[in-house]
Amino acid sequence: MYIHFMTFGCKVNTYETACMTAAFEAEGFTTTLEKDLADIFVINSCTVTSESDSKLRQTLRGLRRDHPQAVIVLTGCFPQAFPEEAAAESCADIVTGTKNRSDIVRLVKEYLEDRERVCAVAPYSSHDSFEAMSAEHLEGHTRAFMKIQDGCNAFCTYCIIPYSRGRIRSKPLPDIVSEAERLAENGYREIVLVGINLAFYGAELGLGLADAVEAISGIKGIDRIRLGSLEPERMTDEILHRLAAVPEFCPSFHLSLQSGCDRTLRAMNRRYTADEYAALVQRIRSIFPDCGITADVMAGFPGETEEDHRQSVEFIRKIGFSDIHVFPYSRRKGTKADLMKDQVPGDIKKRRARELADAGAECRGKFLQSLVGKEFPVLFEREKSDGVHHGYAPNYAHIKILTKNSEKSLRKMIFYVKIDKIGDNCCYGEIIRDGGDLDTNI
């Protein structure tokens, strides 16, 4: 039978979809990218905002309308956080959450036999361990994601994730190493370690994030190790110095910010101040020259004043991020922020988001300009038919080159590139020497 996967949300969901894909294929199912061929649809959902839920419902109804005979499986964060609402979604034949992913193949097989609707969302407990799963291939990706951490204990006032992912738990180091070795055997040269609250990796095991990075350093074929989103309060000097000693480590840090205003950070239940965040950035830059530092920033949190917003805009310019992701606050049922007074009107949130994004764009341009004249090893990921090859430097700067031999693919190859100029959110450069690969006569 043919099965089609649809993934919403973060890199963790992308990884888990790859794990489910492998599990189904091991049982004889065939994955297809063509919806019209599919007998089964698996929707791996996100529920970080109410807009995510609306998009999910539209997808479910569209699939049922266009594919009335197909089996539709709803899994992921939405059913886990809101099991009763998910069970009421009549378009889904099978409803399951983020726990016990290994059961999903069995649930589908059972449904195919008796055609009885299944709602199986297992609740999390405080004693859950990390669920064993692995992905040895990620369709269409040059970089491989590896989930090494799950769950969150933070309970930020705007966030539903602790309810959809449970408490923190971590992948054992031997499992990380064995999965990285298999990824290397399958041709992946860069691994991105991801998690729901990645900076808390190993907290319950007496380990830390640096232990995971060090464990896969030196594996033959793995040239780069990159980190997903990080909570700033966990990035200690010890961790930073240990990361700096790993040759494969890529100095790009996505440090979740949310706001540059202390009053707003307290209302969000974030565990750092703006000054502490700025001090961390300064320490990182002293250890990792030319590093990339990116962040998420929220506009219009309940109670945010114009002065609070102004402080955030000024803070973005002060830090000089290499990039930021700006999004207006979205009310999320089940969180404390949803019940807060002084909800900011939508038009004001949009205007503040634009102003934050404009400040971020200024910073991005300055960051890219600072790279001109410098050399970086670039891992090439894709190319266009016009001969423009696309890759990323260790600091995650987007690099483009135009080669003389345009028909030659550079995908999954590393070359040193000297940056000549900047373009639209990218740098342009010229290959100057081999980065460990064979000479391709470019």
Side-chain angles (χ1 to χ4, degrees), residues 7 9-20 44 46-48 76-77 80-81 97-102 124-136 138 143-156 159-180 182-183 190-217 222 224-236 238-240 242-243 246 248-250 252-256 270-272 294 296:
T7 306
C10 64
K11 291 181 176 66
V12 171
N13 271 11
T14 298
Y15 171 86
E16 291 175 345
T17 293
C19 295
M20 290 188 286
N44 195 2
C46 172
T47 193
V48 70
C77 289
Q80 193 69 47
T98 57
K99 187 177 180 181
N100 300 333
R101 295 280 196 172
S102 58
Y124 283 109
S125 74
S126 59
H127 305 294
D128 288 320
S129 58
F130 189 89
E131 182 178 0
M133 59 173 62
S134 64
E136 299 175 16
L138 285 87
R143 285 171 280 136
F145 303 141
M146 186 200 300
K147 187 182 84 170
I148 66 169
Q149 187 278 336
D150 209 340
C152 183
N153 296 357
F155 290 92
C156 297
C159 188
I160 198 68
I161 296 303
Y163 303 98
S164 65
R165 286 285 177 171
R167 304 291 80 77
I168 59 170
R169 49 206 188 276
S170 306
K171 191 168 194 164
L173 285 179
D175 294 346
I176 292 175
V177 173
S178 61
E179 185 170 349
R182 293 193 299 273
L183 288 167
E190 180 175 317
I191 292 179
V192 185
L193 302 180
V194 299
I196 295 301
N197 200 333
L198 180 63
F200 279 81
Y201 172 79
E204 81 284 19
L205 302 177
L207 299 171
L209 188 55
D211 293 295
V213 174
E214 291 167 351
I216 59 177
S217 174
I222 300 300
R224 295 186 173 195
I225 304 169
R226 198 180 295 277
L227 300 177
S229 181
L230 300 165
E231 291 299 305
E233 71 270 22
R234 296 285 296 181
M235 301 306 293
T236 64
E238 178 196 358
I239 289 176
L240 294 173
R242 287 173 65 183
L243 293 176
V246 175
E248 300 89 347
F249 178 70
C250 291
S252 59
F253 297 86
H254 187 82
L255 301 173
S256 183
R270 303 294 286 173
R271 291 164 173 77
Y272 51 85
T294 58
D296 298 313

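All residue numbers in this chain count up from 1 along the given sequence. None of these values were measured; they are calculated from a predicted model.
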* To do: Could you pull out the closest heavy-atom pair between Gln149 and Phe200, with the gap in Å?
  => CG-C, 4.4 Å

* To do: Look at the side chain of Arg167 and the backbone N and O of Pro162, then say whether any donor-acceptor pair between them is shorter than 3.5 Å.
  => yes

* **Listed partners of Phe130 passing ring-ring contact (aromatic ring centres under 6.0 Å, His included), at least two apart** => none

* Looking at Cys152 and Ile196, what are the two nearest heavy atoms and their distance? -> CB-CG2, 4.2 Å

* Atom CD in Glu190, atom CZ in Arg226: separation rounded to 0.5 Å? -> 4.0 Å

* Could you tell me the separation between the CZ atom of Phe249 and the CZ atom of Arg224, rounded to the nearest 0.5 Å? => 12.5 Å

* Would you say the side chain of Ile161 lies within less than 4.5 Å of the side chain of Asn197, judging by non-hydrogen atoms? -> no

* To do: Give a yes or no on whether the backbone of Glu179 and the side-chain of Glu136 come within a donor-acceptor separation of less than 3.5 Å.
  => no

* Asked: Can Leu240 and Phe253 be said to form a side-chain contact (heavy atoms from CB on, under 4.5 Å), step by step?
  -> CA-CA 11 Å; Leu240 294 173; Phe253 297 86; 4.0 Å; yes

* Asked: Using 4.0 Å as the upper bound for N to carboxylate O, is an ion pair formed by Arg101 and Glu131?
  -> no

* Structure fact -> What one should report as the nearest heavy-atom pair of His254 and Ser229 is CD2-OG, 3.3 Å

* **Rounded distance (nearest 0.5 Å) linking atom CD1 of Ile216 with atom CD1 of Ile176** => 7.5 Å

* Structure fact -> Residues Ser256 and Asp296: closest non-hydrogen pair is OG-OD2, 4.4 Å

* Student check: side-chain heavy atoms of Asp211 and Arg242 closer than 4.5 Å -> yes

* Just how far is it from atom NZ of Lys147 to atom CG of Asn13, taken to the nearest 0.5 Å? -> 9.0 Å

* Roughly how far, to the nearest 0.5 Å, is the CD1 atom of Ile160 from the OG1 atom of Thr47? -> 6.5 Å

* For the residue pair Leu230 and Leu209, establish whether any side-chain heavy-atom pair is separated by less than 4.5 Å. => yes

* Asked: Asn44 pairs by side-chain hydrogen bond (donor to acceptor under 3.5 Å, both in side chains) with which of Thr7, Thr98, Thr17?
  -> Thr17

* To do: Might you point out which heavy atoms bring Gly151 and Ile168 nearest each other, and give the distance in Å?
  => O-CG2, 3.7 Å

* Between Leu183 and Ala135, which heavy-atom pair has the shortest distance, and what is it? -> CD2-O, 3.3 Å

* To do: First locate atom CG of Leu227, then atom SG of Cys250, and finally report the distance between them rounded to the nearest 0.5 Å.
  => 9.0 Å

* With a 4.5 Å heavy-atom cut-off, do Leu243 and Met235 have their side chains touching? -> yes

* To do: Mind running side-chain contact (heavy atoms from CB on, under 4.5 Å) on Asp128 and Asp150 for me, showing each step along the way?
  => CA-CA 10 Å; Asp128 288 320; Asp150 209 340; over 6 Å; no

* Asked: Within a reach of under 6.0 Å around NZ of Lys11, are more than 12 heavy atoms found that belong to other residues, nucleotides or ligands?
  -> no

* Asked: Thinking salt bridges, do Glu231 and Arg270 make one under a 4.0 Å N-O criterion?
  -> yes

* Tyr201 versus Arg234: any side-chain heavy-atom pair under 4.5 Å? -> no

* To do: Start with the C-alpha distance between Arg169 and Glu204, add both sets of side-chain angles, then the distance that settles side-chain contact (heavy atoms from CB on, under 4.5 Å), and finish with yes or no.
  => CA-CA 7 Å; Arg169 49 206 188 276; Glu204 81 284 19; 3.8 Å; yes

* Asked: Counting only N and O atoms by type, is there a donor-acceptor contact under 3.5 Å from the side chain of Ser170 to the main-chain atoms of Gly202?
  -> yes

* **Glu248 side-chain N/O to Ser217 backbone N/O, donor-acceptor pair under 3.5 Å** => no

* **Criterion side-chain contact (heavy atoms from CB on, under 4.5 Å) on Leu193 and Lys171, from CA distance to verdict** => CA-CA 11 Å; Leu193 302 180; Lys171 191 168 194 164; over 6 Å; no

